[in-house]
Amino acid sequence: METNIKQRQFEIINDFRGFSDAAVYHAFTLELFFYKGLSERLLQMVVLLADRSLNEYDTVEKQINLYRDLIKDEDIKAQLQEKLQASLEYIIEPQYLFYSLTEYAKLRQGLQQLIKKNTQFDNLFSTLLQVGKEHKGIIGNLLQRLNELNELNQSAEKASHEFIELLDRFAIEDGRRGNYTGTPASLRSLVTKLVMLDQANKSALTVFDPTMGTGNLMFELQRSVRQPKEFCFYGTEINRFSFKLAKTIAILCGIKQDRLSLQQRDALAQNWPIAGMTQFNVVVMQPPFSSSWSAATQFKTDTRFSHYPRLAPKTKADFAFLLHGYSHLKPGGTMVIILPHGILFRGAAEQEIRKQLVLDGSIDAVIGLPANIMTTTSIPIVAIILKKQRSTRDILFVDASHEFTKSRVQNKLTGENITKILTTYRQRKAVDKYAYVADLTEIEQNKFNLNIPRYVDTFETEPPLDLVAILSELREIRREKTMLERSLVSAVGNIGSFLADCKK
């Protein structure tokens, strides 16, 4: 049933695709589904706070009726709203719930009420609140069509997952334009599992993502912890649209404001955070590949970079991002960063930074991943795992670039592919044509070049040629050629005779 409803949802929103350009269509659809998710979370919280069973109140209609009945009593209403505000950090009146709306004007009123009472929603519904006349009727029709699906009773987690799936879909549609800077589903699954290998036993997990994009990796990480309510997330993002989506996902995930700090800012321009919580159990990053940064002289004394002999090149900020994230990693923590392969072998300043990281024992593993796994680029990528205060300076190299499943638009890592990477990382042993553990001596001999083919030999020997079979095949080809030539001569002769007869 849930699969059918999900398919119907996509069919409905696809019906409205042609009424506006892709950017506007994506924006107002995401904002609508955000409001839908907020309404569903609130209704289910109403059921739980009323000490009722979600099995009994198993449709949106039943939940709305319960909500309306409860608030008829002013005392109960006041208590319920106080508990809702404490639990969710927002309130939506019954008449403004998503499934109570059938026209744009009512939706606008509901959004204005929500923002007025809860500053965390500022700017998160800007597209819907600025809709022109040509779109008001379209959105009203979309609301009515989606209201046909109100039989679905999904958990708060599923509501946020629905939003993430929609975001993934739009990211693929957007493609190389790069308006959606989130992490693709199979890649975020791998990154999450890698960082959680050493963090799974922690009851409270602190996470920092200095280039969080749309924040979909935050959702995956929160789902993986034993105590989701103890999950703490700090993130920065320079792009305004991506930052807005990250705030949206954080709210849908139910991360409380006192355990969440999101900043729209340039991660490299000024170090943050520098007060309060500054180091984290987990650092995850997918920075823009080989972008420019100022590399100004003052950064040489910046605590993020001062330990290293040189700054990252002005035209390639990859190592600047890596060192920024690494400076905020706790000893015993795990960092995973996604970067292009050039970071492993480029010379000059990058070679000197790489050398220092290796000598410090900071780089734990280098994992080569397939091409075309991202939505914004088709190049192959690498996942680098870093740790602090390791007792050894060896590095595990894994070449997982050839193991994936092809899809129409984008390659994906399967569950089997991910499991193989995790098993190899845990066991930390050589695997023929797949993995190799290099000690410091060998890395020094390679002049701190970490290009994976230097350590993992994936060369496949061609089978020896069968000369007898080849000669036999050549003889057969020559025989067939001779027969064809004879047939052709005969055919030409027959045509000549035919034409001669015609002249008579």
Side-chain angles (χ1 to χ4, degrees), residues 181-200 202 205-225 231-237 246 267 279-289 304 317-341 343-344 354 357-358 360-370 373-374 377 380-390 395-401 413 417-426 428 435 450 452:
T181 54
T183 306
S186 65
L187 184 56
R188 63 177 180 258
S189 176
L190 171 65
V191 170
T192 298
K193 287 178 168 62
L194 283 170
V195 297
M196 292 305 295
L197 283 175
D198 294 329
Q199 309 300 321
K202 289 184 171 62
L205 191 70
T206 59
V207 177
F208 182 43
D209 187 345
T211 55
M212 64 182 174
T214 58
N216 53 13
L217 189 51
M218 164 178 45
F219 166 73
E220 199 81 26
L221 286 161
Q222 192 215 20
R223 288 202 307 164
S224 301
V225 300
F231 180 80
C232 180
F233 186 89
Y234 279 50
T236 60
E237 172 56 39
Q279 291 195 311
F280 302 84
N281 305 124
V282 166
V283 176
V284 289
M285 298 184 72
Q286 183 193 306
F289 291 173
R304 296 172 292 175
D318 301 313
F319 267 119
F321 281 112
L322 184 150
L323 297 180
H324 169 61
Y326 188 64
S327 70
H328 290 282
L329 182 66
K330 280 183 178 180
T334 304
M335 174 176 169
V336 177
I337 184 168
I338 304 298
L339 288 170
H341 277 261
I343 198 79
L344 302 175
R354 196 165 55 240
L357 286 165
V358 172
D360 290 343
S362 303
I363 300 178
D364 185 47
V366 174
I367 303 172
L369 297 171
I373 199 171
M374 312 278 286
T377 179
I381 57 175
V382 61
I384 301 176
I385 304 175
L386 298 103
K387 296 190 175 183
K388 283 186 176 176
Q389 298 180 1
R390 291 174 65 223
I395 298 176
L396 170 69
F397 292 88
V398 178
D399 186 351
S401 60
L413 297 170
N417 300 149
I418 292 172
T419 298
K420 183 175 180 179
I421 293 171
L422 294 173
T423 301
T424 304
Y425 178 63
R426 274 196 304 263
R428 207 172 182 84
L450 304 183
I452 297 172

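- Of the candidates V191, T334, L197, T334 is the only one forming a side chain to side chain contact (heavy atoms under 4.5 Å, CB included) with I385.
- For the side chain to side chain contact (heavy atoms under 4.5 Å, CB included) test, residues two or more places apart in sequence or in another chain that qualify with T423 are T419, R426, Q427.
- Considering only residues two or more places apart in sequence or on other chains, R304 meets the salt bridge (charged side-chain N to carboxylate O under 4.0 Å, His left out) condition with D302.
- Contacts of F397 classified as ring-ring contact (aromatic ring centres under 6.0 Å, His included), with partners at least two apart in sequence or in another chain: Y455.
- Residues L339 and I381 fail the side-chain proximity criterion, which asks for heavy atoms closer than 4.5 Å.
- When atom types are taken as modelled, the side chain of N281 and the backbone of L205 share no donor-acceptor pair closer than 3.5 angstrom.
- A search for side-chain hydrogen bond (donor to acceptor under 3.5 Å, both in side chains) contacts involving Q222 returns nothing, not counting sequence neighbours.
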Item to check | Stepwise side chain to side chain contact (heavy atoms under 4.5 Å, CB included) test for D209 and Q286 | outcome: CA-CA 8 Å; D209 187 345; Q286 183 193 306; over 6 Å; no
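- Here the options are T424, V366, L369, the test is side chain to side chain contact (heavy atoms under 4.5 Å, CB included), and the partner is V398; only T424 passes.
- Pairs passing the salt bridge (charged side-chain N to carboxylate O under 4.0 Å, His left out) check and including a residue from residues 318-338, sequence neighbours excluded, read D318-R346.
- Atom-to-atom distance recorded for I421:CD1 and L413:CG is 5.5 Å, nearest 0.5 angstrom.
- Counting only heavy atoms from C-beta outward, the side chains of I338 and V382 never approach each other to under 4.5 Å.
- Looking only at side-chain heavy atoms (C-beta outward), Q199 and V225 stay at 4.5 Å or farther from each other.
- Scanning for salt bridge (charged side-chain N to carboxylate O under 4.0 Å, His left out) contacts around K420 gives E403, with sequence neighbours left out.
- Closest of all the heavy-atom pairs between T206 and Q279 is OG1-O, 4.4 Å.
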Checklist entry - For V284 and T183, what are the C-alpha separation, side-chain angles and deciding distance, and is it a side chain to side chain contact (heavy atoms under 4.5 Å, CB included)? => result CA-CA 11 Å; V284 289; T183 306; over 6 Å; no
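- The side-chain heavy atoms of S189 and I418, taken from C-beta on, include a pair separated by under 4.5 Å.
- Not one N or O on the side chain of R188 forms a donor-acceptor pair closer than 3.5 Å with the backbone of L217.
- Expressed to the nearest 0.5 Å, how far CZ of F289 lies from OG1 of T377 amounts to 6.5 Å.
- P210 approaches G325 most closely through the heavy-atom pair CG-CA, 4.3 Å.
- For Y234, the ring-ring contact (aromatic ring centres under 6.0 Å, His included) partners at least two apart in sequence or on another chain are W272, F280.
- Scanning for salt bridge (charged side-chain N to carboxylate O under 4.0 Å, His left out) contacts around K388 gives an empty result, with sequence neighbours left out.
- With rounding to the nearest 0.5 angstrom, the CD1 atom of I363 is 12.5 Å from the CG atom of L396.
- Not a single side-chain hydrogen bond (donor to acceptor under 3.5 Å, both in side chains) links T192 to another residue, sequence neighbours left out.
- Residues that satisfy the salt bridge (charged side-chain N to carboxylate O under 4.0 Å, His left out) test with D364, not counting sequence neighbours, are R390, R428.
- Residues A267 and T236 come closest through the heavy atom pair CB-OG1, 3.9 Å.
- For the pair I452 and H341, the minimum side-chain heavy-atom distance is below 4.5 Å.
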Checklist entry - Going through the distances and angles, do V336 and M285 end up as a side chain to side chain contact (heavy atoms under 4.5 Å, CB included)? => result CA-CA 6 Å; V336 177; M285 298 184 72; over 6 Å; no
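- Judged purely by atom type and a 3.5 angstrom limit, S401 has no side-chain atom pairing as donor or acceptor with the backbone of P370.
- The distance from atom CD1 of I384 to atom OH of Y326, rounded to the nearest 0.5 Å, is 12.5 Å.
- H328 is linked by a ring-ring contact (aromatic ring centres under 6.0 Å, His included) to F208, H324, counting only residues two or more places apart in sequence or in another chain.
- Put simply, the side chain of L322 reaches to within 4.5 Å of the side chain of L357, judged on heavy atoms.
- Under the 4.5 Å side-chain criterion, counting only non-hydrogen atoms from C-beta, F231 is in contact with F233.
- Using a 4.5 Å cut-off on side-chain heavy atoms (C-beta onward), S362 and Q389 make no contact.
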Checklist entry - Going through the checks in order, is the side chain to side chain contact (heavy atoms under 4.5 Å, CB included) test met by V207 and C232? => result CA-CA 6 Å; V207 177; C232 180; over 6 Å; no
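- Listed by chain and residue number, H307, Q356 satisfy the side-chain hydrogen bond (donor to acceptor under 3.5 Å, both in side chains) test with D360 (two or more places apart in sequence, or in another chain).
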